[in-house]
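These notes concern the structure reproduced below.
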Amino acid sequence: MTHPWKSNGDKRTIVFEYKPSGTILKYLNDMRDLINKAIINAYSMAKSNNNELPSPIVLRKSLKNYYDNNIIYAKHHINPACRNAIAILRSYKKNNNGKLKIIKAKRLAMRIDSELIRIDNNKLRITIRPNEYEYIDIVDKNRKYNEYSKYKISEVLLTDNKVCITFIIGSLNKPLINNNIIGFDLNFKTIDYTIIKDNEIVETNTIDTSDIAKTQRDYARKRTKIQGHIKNPEKRNRKLKESRHRQRNIIRDKLQKLTTKIVNDNSDKTFVFEDLTNIKRREEK
């Protein structure tokens with residue numbers, strides 16, 4: 001079954017030239033180096049797996065430690081770099097009868113995910129590092145720009161002389177499924193929800209998540225004991241890492257089961273969540 005929102009995802013792109021700053025040029029060069037590193041990793045993984053290229057997600061996992069220890073940019077930038085690397089190798093494999101070799105990316109070009117970009121006062125804001133941004137003036141000569149800019153950004157293709165902004169047309173007008181809404185308020189120990197049908201509240205209820213909070217408290221106490229009782233620093237760090245890993249797996253498993261049940265029980269509804277944008281800023285006021 002095709003989701004009713006899917007047909008409203010037409011994409012439109014505007015292109016304009018610009019002069020990159022020194023920071024943008026360094027970013028593009030660093031990302032090209034990262035793509036080349038990803039290509040080498042993907043090629044090595046394919047050679048050990050009957051020439052089958054890994055998915056971008058698997059490639060990202062293999063690069064995570066390298067990225068965290070060597071790359072100074074926001075963590076989301078690794079995602080399009082891995083997709084670009086896989087796309088380059090897939091294209092070569094397709095055009096060369098299934099053969100593979102290490103291809104070196106030469107162009108200064110990077111696709112940037114929507115999580116890292118926004119339009120602010122007719123400027124394109126790019127998150128380079130957490131709380132550190134670069135701004136590019138948008139040249140809005142395209143007669144459709146004012147119309148397109150009302151919609152969500154899909155991605156941005158950035159080169160050393162051009163900017164391509166792709167918008168998802170129709171993303172403002174997602175239809176409700178059966179005019180049936182379930183809204184959630186996420187709290188530390190509960191998930192409160194309200195079901196609205198034809199603009200009338202038909203149910204309000206609460207899902208208890210205190211067992212997840214308890215797991216967090218239990219493992220926090222375990223780590224406190226480990227820090228106080230194990231004197232050997234290597235053993236202590238190993239035990240702390242094991243504890244965090246177990247906690248993460250247990251909580252992830254509980255959340256996955258809970259969210260799967262919620263979705264299966266409410267497959268005929270449109271899901272609405274509270275807006276957490278700028279929540280820290282709101283709390284400070």
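Just so it is clear, the structure is predicted and the values come from calculations on it, not from any experiment.
In this structure, the side chain of Ser91 does not engage the main chain of Ile88 through any donor-acceptor pair within 3.5 Å. Not a single donor-acceptor pair under 3.5 Å links the side chain of Asn50 to the backbone N or O of Glu52. Asn96 contributes a side-chain N or O that, together with a main-chain N or O of Tyr92, makes up a donor-acceptor pair within less than 3.5 Å. Judged by distance alone, with hydrogens and angles left aside, the side-chain atoms of His245 form no donor-acceptor pair with the main-chain N or O of Lys241 at under 3.5 Å. In this structure, the side chain of Ser44 does not engage the main chain of Ile40 through any donor-acceptor pair within 3.5 Å. At least one donor-acceptor pair under 3.5 Å links the side chain of Thr224 to the backbone N or O of Ala220. Ser210 places no side-chain N or O within 3.5 Å of a backbone atom of Lys189 that could act as its donor or acceptor partner.
Residues Ile191 and Asp185 form no side-chain contact, since every pair of their non-hydrogen atoms from C-beta on lies 4.5 Å or further apart. Inter-residue side-chain proximity for Lys152 and Phe167 is flagged as unmet; no heavy-atom pair is nearer than 4.5 Å. Contact annotation: the side chain of Lys123 never approaches that of Ile136 to less than 4.5 Å [non-hydrogen atoms, C-beta and beyond]. The shortest distance between side-chain heavy atoms of Leu100 and Leu53 falls below 4.5 Å.
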Kindly determine whether Thr127 and Glu132 satisfy side chain to side chain donor-acceptor pair (under 3.5 Å), including the steps that lead there. CA-CA 6 Å; Thr127 302; Glu132 185 175 329; over 6 Å; no
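One finds a salt bridge joining Lys26 and Asp30 here, because a Lys/Arg side-chain nitrogen approaches an Asp/Glu carboxylate oxygen to under 4.0 Å.
In summary, of the residues considered (Lys254, Gln247, Arg246), a side-chain hydrogen bond (donor to acceptor under 3.5 Å, both in side chains) with Thr215 occurs for Lys254 alone. When the options Asp137, Val15, Ile138, Val156 are evaluated for a side-chain contact (heavy atoms from CB on, under 4.5 Å) with Val163, the one that passes is Val156.
Cation-pi check for Lys37 over Tyr66 is met; the charged atom lies under 6.0 angstrom from the ring centroid and within 45 degrees of its normal. Both tests do not hold together for Lys64 against Tyr67: distance to the six-membered ring centre under 6.0 Å, angle to the ring axis within 45°.
No hydrogens or angles considered: nothing links the side chains of Asn161 and Tyr18 as a donor-acceptor pair under 3.5 Å. In this model, a donor atom of one side chain and an acceptor atom of the other lie less than 3.5 Å apart for Lys269 and Asn266. For the residue pair Thr166 / Thr13, a side-chain donor-acceptor distance below 3.5 Å is found, with atom types taken as modelled. In summary, the side chains of His77 and Tyr27 do present a donor paired with an acceptor at a separation below 3.5 Å, with no hydrogens or angles considered.
Within 6.0 Å of the CD atom in Glu203, the count of heavy atoms belonging to other residues, nucleotides or ligands exceeds 12. Around atom CG of Leu255, more than 12 heavy atoms belonging to other residues, nucleotides or ligands sit under 6.0 Å away. No more than 12 heavy atoms of other residues, nucleotides or ligands shown are found within 6.0 angstrom of NZ on Lys162. Residue Ile201 places its CD1 atom among 12 or fewer non-hydrogen atoms of other residues, nucleotides or ligands, all under 6.0 Å distant. Heavy-atom neighbours of Lys93 NZ from other residues, nucleotides or ligands within 6.0 Å: above the threshold of 12.
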Side-chain donor/acceptor pairs under 3.5 Å, residues 103-121, sequence neighbours excluded:
from, atom 1, to, atom 2, distance (Å)
Arg111, NH1, Glu155, OE2, 2.7
Asp113, OD1, Arg83, NH2, 2.4

